[in-house]
Participant: 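Would you mind keeping the following structure in view while I ask a few things?
When a residue number appears, it is its place in the shown sequence, counting from 1. As the structure is a prediction and not an experimental result, all values here were calculated from the model.
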Amino acid sequence: MPDLMWNASMWDKNYVWEEAGEEWSRQWGGSEAQWFGSLYPRLHRFLPARRILEIAPGHGRWSQFLIANCDDFLAIDLSASCVDICERRFADVAYARFASNDGQDLSAAADGSYDMVFSFDSLVHAEIEVFERYVSQILAKLAPSGVAFIHHSNRADADHDEGEHGHSRATSMSASIIRRLVRDHGGVIVMQEVIDWQGAGPIDCLTMFAKRGDYDDRVAHPVVNREFFIEAKLIGEYQAPYSKLVRK
């Protein structure tokens, strides 16, 4: 059960960032192939966006693509070392800012300002206590017609879990729980997709939500995608080679 202390210690002290997070995109053939082949198709209707807030950017694996799709960018991370690395990595981008927090506070971001709030491959380790704090804040940060796209654990709802230690996924989070939290705080669910993670079963979920009135809330049950890593295999095999092409 990864609590805040576990997360702070893990990403600041214990984890060896051998490839700046690229190690998690290997099956897609790298972050570029994963972004354009998997994430961007899910987000393209909302990009580019004027202002983007990213939660838990790590070493900036997704920040590089989000920054290219906005005019004002802020990322907030529990890990001070990750913030430091991102500040150095994107030092030449005047409109990109990075801030550290306690894993529960988003006050560094202005209310009513962000067209997209994004987090992928990070909040899967966050338990319900974090989401009980974050969901209301995320809704407050959204600009009119803004959306949040959050990758989180589904282990509390998963019908089986074959992965060793559940890939360190939070055990108290799920698609149904975040639906309840979003609606309890006056938001609406725009889209939900439960995904199988490396054969461990449907232990992850992608949830897109917004303020009430901006979008219709018609999601009673999430889409269940048990072939997410078939998608990864195809992207890694057929698209990734194109990302290595360099114009002379």
Side-chain angles (χ1 to χ4, degrees), residues 1-26 28 30-36 39-40 43 47-111 113-127 129-131 133-135 137-138 140-142 146 148-153 167-170 243:
M1 187 173 180
D3 58 15
L4 285 172
M5 186 175 295
W6 180 93
N7 276 285
S9 177
M10 179 68 176
W11 310 116
D12 244 350
K13 300 175 182 178
N14 298 334
Y15 187 74
V16 179
W17 295 80
E18 295 178 353
E19 300 175 45
E22 287 290 328
E23 57 271 28
W24 295 313
S25 289
R26 285 191 192 120
W28 282 267
S31 62
E32 183 176 298
Q34 187 177 3
W35 171 260
F36 287 106
L39 292 177
Y40 183 74
L43 299 171
L47 295 173
R50 188 174 62 90
R51 304 183 76 185
I52 293 178
L53 169 63
E54 182 180 10
I55 300 174
H59 283 197
R61 181 169 49 133
W62 307 121
S63 306
Q64 60 183 322
F65 304 109
L66 298 170
I67 286 171
N69 275 283
C70 69
D71 301 315
D72 190 1
F73 176 82
L74 171 64
I76 301 174
D77 202 297
L78 172 64
S79 167
S81 63
C82 286
V83 168
D84 180 62
I85 285 167
C86 283
E87 285 179 334
R88 286 187 274 119
R89 178 175 181 178
F90 301 105
D92 60 340
V93 183
Y95 61 86
R97 297 179 295 123
F98 298 86
S100 59
N101 75 345
D102 60 0
Q104 294 184 311
D105 178 34
L106 299 177
S107 60
D111 285 353
S113 299
Y114 292 90
D115 304 294
M116 177 175 287
V117 178
F118 173 97
S119 185
F120 188 84
D121 262 4
S122 298
L123 292 181
V124 289
H125 309 297
E127 298 287 354
E129 292 83 1
V130 172
F131 282 92
R133 292 289 305 278
Y134 269 171
V135 167
Q137 293 180 80
I138 290 171
K141 305 308 172 187
L142 290 174
F149 179 81
I150 307 296
H151 178 200
H152 59 88
S153 173
H167 293 269
S168 298
R169 272 18 185 195
S243 67

Participant: Could you give the distance from OG (S107) to NZ (K141), rounded to the nearest 0.5 Å?
Facilitator: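 If we round to the nearest 0.5 Å, S107:OG and K141:NZ are 6.5 Å apart.
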
Participant: Which pair of non-hydrogen atoms, one from I76 and one from A108, has the smallest distance, and what is that distance?
Facilitator: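 Result for this residue pair: CD1-CB, 4.0 Å.
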
Participant: Parallel, tilted or perpendicular: which describes the rings of W35 and F65, with under 30° parallel and over 60° perpendicular?
Facilitator: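 Because their plane-to-plane angle is under 30°, the rings of W35 and F65 count as parallel.
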
Participant: Classify the angle between the aromatic ring planes of W62 and F118 as parallel (below 30°), tilted (30 to 60°) or perpendicular (above 60°).
Facilitator: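 If you compare the ring of W62 with that of F118, the planes turn out perpendicular.
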
Participant: Please report the interatomic distance NE2(H151) to OG(S122), rounded to the nearest 0.5 Å.
Facilitator: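 That separation rounds to 9.0 Å.
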
Participant: Is R133 salt-bridged to D105, cutoff N-O under 4.0 Å?
Facilitator: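 Between D105 and R133 there is no salt bridge, as every charged N stays at least 4.0 Å from the carboxylate O atoms.
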
Participant: For the residue pair D77 / S79, report whether a side-chain donor-acceptor contact shorter than 3.5 Å exists.
Facilitator: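 No, no side-chain donor-acceptor pair sits under 3.5 Å.
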
Participant: Grab the two heavy atoms, one from Y114 and one from A109, that are nearest each other, plus how far apart they are.
Facilitator: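 For Y114 and A109, the tightest heavy-atom pair comes out as CE1-CB, 3.6 Å.
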
Participant: Is the closest side-chain donor-acceptor distance between R51 and S113 under 3.5 Å?
Facilitator: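 Yes, because at least one side-chain N or O of R51 sits under 3.5 Å from a partner of the opposite role on S113.
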
Participant: Answer with yes or no after comparing the ring centroid distance for F73 and F90 against a 6.0 Å cut-off, counting only values under it.
Facilitator: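 No; F90 has its ring centre 6.0 Å or more from that of F73.
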
Participant: Are the side chains of L39 and F149 in contact, using a 4.5 Å heavy-atom criterion?
Facilitator: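 Touching, per the 4.5 Å side-chain cut-off.
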
Participant: Pick from L47, L43, D115: which one makes a side-chain contact (heavy atoms from CB on, under 4.5 Å) with N69?
Facilitator: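 Only one option passes, and that is L47.
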
